[in-house]
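The structure appears right after this line, and notes come after that.
All values reported here derive from a predicted model rather than from experimental measurement.
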There are 2 protein chains.
Amino acid sequence: MGGVTAETGCLRLTPIRASRCAVCGVREASFCAVLSASELQQLHAMSSQKVFEPGELIVEEDAAVRQVANVLSGTIKLFKLLPDGRQQITGFLFGGDFLGPMLSGEYATFAEAVTRVELCLFDQDRLREQMDAWPHLERRLFEDATATLDRALDWMLLLGRKTATERVASFFVMLADRVASRDDVQLTVDVPMSRSDIADYLGLTMETVSRQISHLKRQGLLEPSGAHAFTLPDVPALRRIAGGNEPN
Amino acid sequence: MGGVTAETGCLRLTPIRASRCAVCGVREASFCAVLSASELQQLHAMSSQKVFEPGELIVEEDAAVRQVANVLSGTIKLFKLLPDGRQQITGFLFGGDFLGPMLSGEYATFAEAVTRVELCLFDQDRLREQMDAWPHLERRLFEDATATLDRALDWMLLLGRKTATERVASFFVMLADRVASRDDVQLTVDVPMSRSDIADYLGLTMETVSRQISHLKRQGLLEPSGAHAFTLPDVPALRRIAGGNEPN
DNA sequence: CGCCGCAATTGACCCAAATCAAGGTGTAAA
DNA sequence: TTTACACCTTGATTTGGGTCAATTGCGGCG
């Protein structure tokens with residue numbers, strides 16, 4: 001019962017969030033949702049929390065540490081680099097998402113905090129051991145990987161075959177889907193990342209992204225809502241453009 | 001022990017290959033590699049074989065059947081379509097690869113035989129039940145999904161950021177890696193797919209692929225070897241071009 | 001063998017998006 | 001309020017790869 005709560009001074013170990021799972025805002029969204037109360041307690045005992053500032057690299061790789069994490073809050077970008085610096089963002093992580101082992105094929109994947117980010121960290125090997133004991137945990141992480149693969153394959157279609165307009169529309173549809181909510185309702189999405197991050201996610205340049213956003217604004221499909229957010233008055237229309245039907 | 005061997009007449013059930021796992025050419029390459037002799041026998045009892053001709057759609061989706069399969073031989077292309085027909089190939093499968101459930105995000109994935117293909121089919125639900133009983137099977141399929149995700153993310157970098165030359169070089173490097181073998185040895189790779197399939201895999205047009213192949217031929221990095229194969233005299237050089245370093 | 005038909009190659013031209021180049025805007029600090 | 005700086009927008013120009021259009025090459029077959 002004593003718990004980890006009082007570990008202040010430690011560099012970056014966050015005392016901000018009471019670190020008990022009971023009050024964790026993303027418990028139901030994360031893999032923790034499949035765990036029983038006692039399992040949660042066990043897992044909590046082997047977790048630690050950490051905060052990253054915007055722009056900070058979240059290494060957790062090739063360092064001997066080998067950790068994985070749940071994103072408690074904030075936005076992370078995952079990306080790959082070509083030797084000459086060209087960058088492709090392979091995905092964004094938001095609160096509740098799982099930051100798995102950065103398995104690398106030909107190119108390493110890096111993770112960087114876009115906003116201030118709070119992570120709930122686990123030792124990768126210890127979590128793997130738990131997977132042996134808790135098949136439902138393994139099943140859940142499997143499903144997670146499967147969903148990630150799914151999104152990656154959809155994104156390949158975007159990168160290989162969609163026009164600039166379609167890509168930018170797809171980007172906002174993606175954000176809308178992550179915020180959930182209904183299609184027919186006009187909804188507001190946060191856009192914490194820079195134009196140039198969006199470009200690196202869509203395989204475009206910053207300038208093209210900016211022009212396309214302006215165009216969508218003129219069409220009334222995008223309304224600026226504060227510094228880092230847009231209101232989407234007609235998500236179905238956006239979705240139509242994203243899909244690649246639109247005559248113009 | 002009678003087994004499945006003699007089921008001839010059935011449409012497409014292949015009697016070509018003696019369907020006993022003991023003589024299966026891809027057993028060691030497929031997920032079957034992690035199974036014991038008795039487990040293999042059990043699994044074999046619930047398998048069936050089927051042949052597909054070039055160009056044939058391998059549906060196994062939305063049809064009530066819901067099957068998954070090991071590829072015994074041949075080449076399969078997996079692809080997604082935009083409503084207007086634009087196509088993105090998300091991957092190729094070769095002998096030993098696992099053709100999993102065609103989970104679909106926004107866009108459905110289709111599978112089509114490129115060459116004549118032999119599959120070893122399993123009912124998806126039955127295999128899932130076996131996963132509960134055999135954790136090592138689940139672990140192996142998890143690793144498979146993970147490797148697929150890995151390759152997909154690398155490919156996103158290609159589709160979003162690489163030039164035409166780099167893409168085509170990457171394609172041959174990918175083939176070389178699948179054939180395994182060493183880098184410094186000159187090796188020959190089969191290229192069973194059409195130029196236009198290659199283009200749909202690389203996010204280019206047939207014409208651009210053809211031009212780039214001609215260019216690589218002139219550089220002496222690619223030598224035609226029969227109708228559907230190339231010899232790669234210098235894979236490291238190809239790899240350098242693919243990576244995005246090459247001055248020219 | 002020679003003809004057919006399709007896939008691949010090659011050439012000429014074009015265009016969507018990249019690149020290059022100013023400006024504008026918001027915000028935070030002085 | 002002014003300055004500073006980072007980010008974003010917009011405009012002008014270029015270009016890599018797409019499109020359109022012939023050839024060429026080759027395997028199958030009468």
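Rounded to an integer number of Å, the gap from CZ of B:R86 to P of C:dA16 is 13 Å. Rounding to whole angstrom units, CG of residue A:L202 and P of C:dA16 are separated by 19 Å. Taking atom NE2 on B:H228 and atom C1' on C:dA8, their separation rounds to 11 Å, with Å as the unit. Following rounding to the nearest Å, B:I198 (CD1) and C:dA7 (P) show an atom-to-atom distance of 14 Å. Between B:R167 atom CZ and D:dG16 atom P there is a gap of 14 Å when expressed in whole angstrom units. Between the P atom of C:dA8 and the CG atom of B:L204 lies a distance of 15 Å, rounded to the nearest Å. Separating the NE2 atom of B:H215 from the C1' atom of D:dG17 is a distance of 15 Å, rounded to the nearest angstrom. In this structure, CD of A:Q87 is placed 17 Å from C1' of C:dA18, rounded to the nearest angstrom.
Each end of the helix from C:dC1-D:dG30 to C:dA30-D:dT1 gets its own axis, taken as the rotation carrying the C1' atoms of four end pairs onto the next four within a five-pair window, and the two axes meet at 30° to the nearest 10 degrees.
For residues 72-92 of chain B, the ring-ring contact (aromatic ring centres under 6.0 Å, His included) pairs, not counting sequence neighbours, are B:F79-B:F110, B:F92-B:Y201. Counting only residues at least two apart or on different chains, the salt bridge (Lys or Arg N to Asp or Glu O under 4.0 Å) pairs with a member in residues 198-222 of chain A are A:D200-B:R161.
With sequence neighbours left out, the side chain to side chain donor-acceptor pair (under 3.5 Å) criterion links B:T188 to B:T231. Taking the side chain to side chain donor-acceptor pair (under 3.5 Å) definition, one finds that B:T165 meets it with B:Q212, sequence neighbours left out. Partners of A:S170 under the side chain to side chain donor-acceptor pair (under 3.5 Å) rule, at least two apart in sequence or in another chain, are A:K162. Listed by chain and number, the residues in a side chain to side chain donor-acceptor pair (under 3.5 Å) with A:S210 amount to none (sequence neighbours excluded). In terms of the side-chain contact (heavy atoms from CB on, under 4.5 Å) criterion, residue partners of B:A152 (sequence neighbours excluded) are, by chain and number, A:L149, A:A152, A:L153, A:M156. The ring-ring contact (aromatic ring centres under 6.0 Å, His included) test applied to B:F94 returns no partner, not counting sequence neighbours.
Picking from D:dC8, D:dG17, D:dG27 the nucleotide with the shortest atom distance to the side chain of B:A227 gives D:dG27. Closest to the A:T205 side chain, of the nucleotides D:dG27, C:dA18, D:dT19, is C:dA18.
At a threshold of 4.0 angstrom between heavy atoms, the contacts of A:G203 are confined to the sugar-phosphate backbone, with no base atom among them.
Of the options B:L187, B:V189, B:D190, a side-chain contact (heavy atoms from CB on, under 4.5 Å) to B:L175 is made by B:V189 and by none of the others.
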What does the list of N/O pairs under 3.5 Å between the protein and nucleotides 10-14 of chain C look like, with a distance for each?
| from | atom 1 | to | atom 2 | distance (Å) |
| --- | --- | --- | --- | --- |
| C:dT10 | OP2 | B:S214 | OG | 2.5 |
| C:dG11 | N7 | B:R211 | NH1 | 2.9 |
| C:dG11 | O6 | B:R211 | NH2 | 3.4 |

Do any N or O atoms of the protein come closer than 3.5 Å to N or O atoms of nucleotides 22-25 of chain D, and which pairs are they?
none

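Salt-bridge annotation for B:R178 and B:D97: present, with a side-chain N of the basic residue lying under 4.0 Å from a carboxylate O of the acidic one.
For the pair B:R239 and B:D177, the tightest heavy-atom approach, listed with the atom from each and the gap, is NH2-OD1, 3.1 Å.
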